[in-house]
2 protein chains.
Amino acid sequence: MRFQRGSEIYAEGKAADQLYKVVSGTVRTCRLLPDGRRLVAQFALAGELFGLDGVSHHRFFAEAVTDVVLIAFPRGEINDWVDRDSTVAQSWQAYTLEKLAAAQDRFILLGRRTASERVAAFLLDLVKRGQGPDDIVELPMSRYDIADYLGLTAETISRTLTALRKNRIIADQGCHKLRILDRDALEEQADEDIL
Amino acid sequence: MRFQRGSEIYAEGKAADQLYKVVSGTVRTCRLLPDGRRLVAQFALAGELFGLDGVSHHRFFAEAVTDVVLIAFPRGEINDWVDRDSTVAQSWQAYTLEKLAAAQDRFILLGRRTASERVAAFLLDLVKRGQGPDDIVELPMSRYDIADYLGLTAETISRTLTALRKNRIIADQGCHKLRILDRDALEEQADEDIL
DNA sequence: CGACGCGTTGATAGTTTTCAAGGACTGTGG
DNA sequence: CCACAGTCCTTGAAAACTATCAACGCGTCG
């Protein structure tokens, strides 16, 4: 399946009968609050799964951040597979538990960390998950997307990145790509904001 | 199993080989950051499960908020059970997915809501999960616990509750119990902060 | 090339935190 | 049963952080 940049992959409230794997590109899953505030629940990069946001119905909507190529797996098929093979069942269960653990980590990020800690942790997470070299971070999403993922505003993201640039911790390579110059400093900032 | 108020039920990093059900009392699961900031991941009330905070090892520690009585289920036994009976497997899977959905909801609470929205939503959640009448909220935990659960400070919790009291939305019945006077107003405040 | 959205920067305002102090509640020991 | 100590709760004032509002430059895509 292919989707163009910005197009909707599934809507909030639709039956959650498929699971998706990203072949190339980036996907975001979000929810809107009545007054327009938005939260991005997940960025799915190449090789990652998404669509597991609700028991029977999607509780978030999914959009293509860039042009994307996807593979869709019917949930029913997965369930059959799980029923037949206990090895599959175990790894499926492990996957869900891992997701749950990641979600719990994010509580701490959103609940108890400052803006610069969140941005630093986000960059390190993207490098780890990305496929390129260890010092290049691809940022396919907009500053608004990052802001809504981290519970901040786009202006704060921009200011924080500028501060990192001024401290020679990162270097710009265009808006959507940057290089990590001082990984130790970045990790320190992710753990605890010294400044 | 019995634990006294304030005692540790399991430590962070210990093997997660048991799952617990609360018979009576309240339990909190938390994590500490290096600089002392704390986040409460979950409050487990009477009848609820806890201990599912990590694939193989606990990523949070659990403490008794009040004196508690627990039942412990070995994880291995649960896995055997799941392997043998596909009905159990399905409900187990559904339970995990529900947990995941609840976690995703909390992102929004922590990332995009104001202090009074968080407190209002917290009170409504406790009423729904509690066993007493619909207008009485039991608050077995301290203001610090609530603060660390909602990503705020104890002072902010106290101020928000005072504001609710002044607006005649809630009435005090001692520090650890309160009555909801105007449920509609509370729900409105949980959805969107009008003030 | 032009238009529009996105990104950056500045000034200001608002919310929450921090720091501080007094009061209330709880549990313990006399 | 009462006194006391410690912890928790509440309230106030000041500070810090982030959001909001606004303007401008850039880039990206038709």
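In this text the structure is predicted, and so the values were computed from the model without any measurement.
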Participant: Find the distance His176(B):NE2 to dT7(D):C1' and express it as a whole number of Å.
Facilitator: 10 Å

Participant: Side chain of Arg143(B) only, heavy atoms from C-beta on: which candidate in dT18(D), dA19(D), dT10(D) is closest?
Facilitator: dT10(D)

Participant: What's Ile157(B) touching, base or sugar-phosphate or nothing? Going by heavy atoms closer than 4.0 Å.
Facilitator: nothing

Participant: Take the protein atom CD1 of Ile146(A) and the nucleotide atom P of dG7(C), then report the distance between them rounded to whole Å.
Facilitator: 8 Å

Participant: Starting at the 5' end of DNA chain D and moving along, which residue's nearest nucleotide shows up first, Thr162(B) or Arg112(B)?
Facilitator: Thr162(B)

Participant: Separation of Leu152(A) atom CG from dT16(C) atom P, in whole Å?
Facilitator: 15 Å

Participant: Look at all strands and tell whether Gly151(B) reaches a base, only sugar-phosphate, or nothing, counting heavy atoms closer than 4.0 Å.
Facilitator: sugar-phosphate

Participant: Side-chain N or O of Thr153(B) versus OP1/OP2 of dT17(C): is the shortest distance under 4.0 Å?
Facilitator: yes

Participant: Can you tell me how far P of dT16(C) sits from CG of Leu110(B), to the nearest Å?
Facilitator: 14 Å

Participant: Mind checking Ser158(A) for me? I need base, sugar-phosphate or nothing, with any heavy atom below 4.0 Å counting as a touch.
Facilitator: base

Participant: For the atom pair NE2 (His57(B)) and NZ (Lys14(B)), what is the distance rounded to the nearest 0.5 Å?
Facilitator: 11.0 Å

Participant: When you get a sec, tell me which of dT10(D), dC29(D), dT20(D) is the closest nucleotide to the side chain of Glu155(A)?
Facilitator: dT20(D)

Participant: Taking the basic N atoms (NZ, or NE/NH1/NH2) and the acidic carboxylate oxygens, is any pair closer than 4.0 Å for Asp145(B) and Arg38(B)?
Facilitator: yes

Participant: In whole angstrom, what separates Asp172(A)'s CG from dG7(C)'s P?
Facilitator: 12 Å

Participant: Should Asp80(A) and Arg84(A) count as an ion pair when the cut-off is N to O under 4.0 Å?
Facilitator: no

Participant: Does this structure show an ion pair linking Arg179(B) with Asp135(B), if we count only N-O contacts that are shorter than 4.0 Å?
Facilitator: yes

Participant: Out of dG7(C), dA19(D), dC9(D), which nucleotide sits closest to the side chain of Cys175(A)?
Facilitator: dG7(C)

Participant: Name the one of Thr29(A), Asp53(A), Asp17(A) that satisfies side chain to side chain donor-acceptor pair (under 3.5 Å) with Tyr10(A)?
Facilitator: Asp53(A)

Participant: Can you measure Leu161(B) atom CG to dA24(C) atom P for me and round it to whole angstrom units?
Facilitator: 18 Å

Participant: Here's a test of your reading of the structure: between Lys166(A) and Thr156(B), which maps to the more 5' nucleotide of DNA chain C?
Facilitator: Lys166(A)

Participant: Atom OH of Tyr144(A) and atom P of dT20(D): how far apart are they, to the nearest Å?
Facilitator: 11 Å

Participant: Expressed as a whole number of angstroms, how long is the span from Met141(B):CE to dC9(D):P?
Facilitator: 11 Å

Participant: NA contact type, Ser142(A), heavy-atom cut-off 4.0 Å: base, sugar-phosphate, or nothing?
Facilitator: sugar-phosphate

Participant: Mind checking if Arg165(A) touches a base, just sugar-phosphate, or nothing, with heavy atoms under 4.0 Å?
Facilitator: sugar-phosphate

Participant: Hey, is the side chain of Arg159(A) pairing donor to acceptor with the base of dT20(D) inside 3.5 Å?
Facilitator: yes

